[in-house]
Amino acid sequence: MDLLQLFSAKEEIGGLEITGECLSYLLFSFKDEKIFAARQGSVSLEAGTVENGELKNRENFAAALENLRKTIKPALRANQELSVIACLPASGAYHTQILSIPNLPEKQAAEAIKLGAAVSLPAPAAQTYYDWQEVKAGESQQKKEILFALAKKEKINPYLEVLNEKKFVARAIEFPALAFARLVVNFADKAGLLVDLREGEGLNISVIDRGELRFDYFAGFPGKKAENDEKKISEFLIKKMREVSEYFAVENQIPFVKAAVFLPNRLKTKMEKAAQDAGFSVEEMETRIAVSEPFLEKFGAAVGSALRGLMPRDEDTIISIAPVGTEESHQQKRMASFLAVIRVISYTVAVFSAVALVGIWVFFRIVLSGVDDQILQRSGIPVATDVARLEEEAKKFNEQTAVMAQIAGQISKQTETFNLIGSLTTPGITLTNISFTKTAETPINIYGIAESRDTLIEFKKKLEAMPELADVRMPLSYFQQKTNIAFTISFIRR
């Protein structure tokens with residue numbers, strides 16, 4: 001039985017898109033096996049708050065999040081925490097790349113990915129958040145294809161800090177191409193271009209192949225916004241569509257990619273006409289769920305991110321460029337809920353046991369008092385049989401009292417253990433599970449993921465310095481890894 005699952009409430013996770021112009025929130029839920037929008041809200045961002053994917057004005061961003069909370073319908077409770085899949089701007093907040101590795105077993109493949117990523121990283125690994133996922137559409141008997149994404153911490157952390165401050169908890173961080181690839185189904189059995197034209201930011205062109213994102217490209221418009229008239233935008237669009245299509249065709253040794261779908265915007269009809277004139281086969285957009293173009297234009301990538309929020313957390317292995325991966329974030333929340341519930345149960349049982357002990361003691365005192373009175377009344381009668389019976393009852397009472405005292409002691413120790421584990425929160429360390437038995441001699445095992453080797457070393461030192469713990473052990477093999485280290489540490493309570 002999964003105790004963490006038993007004591008964890010089902011989490012509602014919405015989609016939150018952040019662009020240079022607005023914030024959009026959307027929460028999907030199920031009703032009669034159909035998906036519907038359970039909550040939604042959208043607000044504008046002041047100019048200059050977000051530029052080229054970077055958060056430039058924290059105060060304006062925080063104020064916009066406050067306003068967003070007020071616009072969300074149905075209304076939220078005061079200080080209600082919202083779990084979200086946060087979708088960052090396409091313009092410069094992240095970087096994606098396709099890596100090809102030999103078709104190896106899972107563990108060896110992970111090492112090959114890390115080696116390939118180390119060569120590709122534009123900055124030291126310690127300064128970035130990165131993640132990857134397999135692309136089945138590009139797989140063959142000889143190789144695996146990996147979609148690799150990364151973002152510099154200096155660009156991600158400011159968003160996370162303000163989001164957490166305003167009770168928006170990012171369970172994952174993704175980007176528009178990933179969200180839209182989840183929503184648009186035109187390219188379930190072929191390759192095609194997904195064109196996202198944003199007048200205030202630039203042009204995002206993605207290649208979706210058999211339902212999977214295989215290439216993502218963003219280009220800002222040349223010159224100032226005021227100088228980009230419809231003709232210049234059209235010429236720029238066709239040029240970039242051709243470049244992306246030709247590059248993808250050459251890389252994958254396939255014909256020129258002509259199929260294209262345009263996401264809704266003010267210039268959509270005119271840009272579709274220009275693309276058709278340039279030889280592209282423009283299709284009407286088909287989506288996984290029924291959404292109108294005005295709705296999609298308003299909420300954008302938040303629609304795709306909200307669909308991701310419906311996935312069971314244990315099954316979400318999609319890219320997340322965040323400090324803690326999606327699965328680890330979910331395990332962390334489950335662990336916190338589990339410890340909180342267990343503490344309440346432990347305290348309740350301890351109080352109940354103490355009351356039961358007192359009740360048993362009072363009961364036996366009453367019984368023995370009645371027996372004493374009977375003995376006094378029969379003082380002139382031989383009572384060898386009564387004395388033997390009383391001695392037997394007294395012996396049972398002492399045994400029951402000892403058992404209750406032992407139970408109370410074990411509950412107290414287990415309560416202390418849960419409180420101790422709950423105090424082990426350390427930056428860069430995500431605890432995912434615990435195991436222990438009621439005997440003090442048996443080691444307690446804690447499982448988790450360390451952001452880096454240095455973080456894991458500091459965490460072990462912290463445990464060794466705690467006077468409540470003894471015999472802290474961890475395999476040395478963990479120190480061979482540098483980042484995202486899954487570990488097990490055992491110790492004994494003194």
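In this chain, residues are counted from 1 in sequence order. Source: prediction; values computed, not measured. We use all heavy atoms of the structure for the numbers below, so side chains are in, but hydrogens, waters and symmetry mates are not.
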Nearest heavy-atom approach of Ala90 to Glu201 is N-OE1, 4.5 Å
Surrounding CG of Asn157 (heavy atoms of other residues, nucleotides or ligands, distance under 6.0 Å), is the total greater than 12? yes
Check Lys144 against Leu104 and note the closest heavy-atom contact, atom names and distance. NZ-O, 3.3 Å
Answer whether the closest heavy-atom distance between the side chains of Leu160 and Pro323 falls below 4.5 Å. yes
Rounding to 0.5 Å, atoms CD1 (Ile319) and CG (Leu147) come to a distance of 4.0 Å
Decide yes or no for Met474 and Ile489: does some side-chain heavy atom of the first lie under 4.5 Å from some side-chain heavy atom of the second? yes
side-chain contact (heavy atoms from CB on, under 4.5 Å) with Arg473: which residues, sequence neighbours excluded? Asp471, Ser490
Counting C-beta onward and ignoring hydrogens, is there a side-chain heavy-atom pair between Ile485 and Glu451 closer than 4.5 Å? no
Find out whether Thr488 and Ile446 are in side-chain contact, i.e. whether some heavy atom of one side chain is under 4.5 Å from a heavy atom of the other. no
Looking at Gln80, is its backbone amide N or carbonyl O close enough to the side chain of Arg69 to form a donor-acceptor pair, meaning the two atoms are under 3.5 Å apart? yes
Counting distance only, does the side-chain N/O of Glu17 pair as donor-acceptor with the main-chain N or O of Ala301 below 3.5 Å? yes
Ring centres under 6.0 Å, that's the criterion: do Phe248 and Phe215 meet it? no
Nearest non-hydrogen partners of Phe299 and Tyr25, listed with the distance: CE2-O, 3.5 Å
Nearest 0.5 angstrom please: Asn252 CG to Glu145 CD, how far? 6.0 Å
Check whether any side-chain heavy atom of Leu88 lies under 4.5 Å from a side-chain heavy atom of Phe175, and answer yes or no. no
For residues Trp132 and Thr96, determine if any side-chain heavy atom of one lies less than 4.5 Å from a side-chain heavy atom of the other. no
Stepwise side-chain contact (heavy atoms from CB on, under 4.5 Å) check, Ile98 with Ile146: CA-CA 6 Å; Ile98 288 292; Ile146 304 297; over 6 Å; no
Would you say the ring centroid of Phe28 lies under 6.0 angstrom from that of Phe36? no
Over all atoms of both residues, closest heavy-atom pair of Thr287 and Val291: OG1-CG2, 3.8 Å
Can Ser305 and Glu174 be counted as having a side-chain donor-acceptor contact under 3.5 angstrom? yes
Tell me which pairs pass salt bridge (Lys or Arg N to Asp or Glu O under 4.0 Å) where either residue lies in residues 58-67, with sequence neighbours left out. Arg58-Glu161, Glu66-Lys166
Test side-chain contact (heavy atoms from CB on, under 4.5 Å) on Ser320 and Arg308; report intermediate values, then the result. CA-CA 11 Å; Ser320 174; Arg308 179 174 178 176; 4.1 Å; yes
Is the shortest heavy-atom distance from the side chain of Tyr159 to the side chain of Ile18 under 4.5 Å? yes
Does Lys461 form a salt bridge (charged side-chain N to carboxylate O under 4.0 Å, His left out) with Glu464? I'd like the steps, not just the answer. CA-CA 5 Å; Lys461 289 180 180 178; Glu464 291 172 335; over 6 Å; no
Taking all atoms of both residues into account, what is the closest heavy-atom pair of Phe221 and Leu197, and its distance? CZ-CD1, 3.2 Å
From CG (Leu203) to OG (Ser91), nearest 0.5 Å: 12.0 Å
Would you check, one step at a time, whether the test side-chain contact (heavy atoms from CB on, under 4.5 Å) holds for Lys143 with Ile101? CA-CA 6 Å; Lys143 70 180 181 71; Ile101 63 170; over 6 Å; no
Please determine whether side-chain contact (heavy atoms from CB on, under 4.5 Å) holds for the pair Ile173 and Tyr94, giving the CA-CA distance in whole Å, both sets of side-chain angles, and the decisive distance to 0.1 Å. CA-CA 10 Å; Ile173 293 180; Tyr94 64 95; over 6 Å; no
I need the Leu82 CG to Leu65 CG distance, nearest 0.5 Å. 10.0 Å
Restricting to non-hydrogen atoms, name the atom on Val50 and the atom on Pro89 that form the minimum distance, rounded to 0.1 Å. CG1-CG, 3.9 Å
d(Glu134 CD, Leu99 CG) to nearest 0.5 Å is 12.0 Å
CD1-CG distance between Ile13 and Asp316, expressed to the nearest 0.5 angstrom: 8.0 Å
Exam field: side chain Ser24 to backbone Gly300, donor-acceptor pair closer than 3.5 Å: no
Can you tell me if Arg171 uses its side chain to pair, donor with acceptor, with the backbone of Val169 under 3.5 Å? no
Taking the side chain as every heavy atom from C-beta outward, state whether Thr455 and Ile429 have any atom pair closer than 4.5 Å. yes
Distance-only donor-acceptor hits, side chain of residues 204-213, under 3.5 Å, sequence neighbours excluded:
| from | atom 1 | to | atom 2 | distance (Å) |
| --- | --- | --- | --- | --- |
| Asn204 | ND2 | Asp216 | OD1 | 2.9 |
| Asn204 | ND2 | Tyr217 | O | 2.8 |
| Asp209 | OD2 | Arg214 | NH1 | 2.6 |
| Arg210 | NH2 | Ala137 | O | 2.8 |
| Glu212 | OE1 | Lys136 | N | 2.9 |
| Glu212 | OE1 | Ala137 | N | 2.6 |
| Glu212 | OE2 | Lys136 | N | 3.1 |

Under 3.5 Å: donor-acceptor pair, side chain of Arg39, backbone of Leu27: no
If you draw the axis of the six-membered ring of Phe218, does the NZ or CZ of Arg198 fall within 45° of it and under 6.0 Å from the ring centre? no
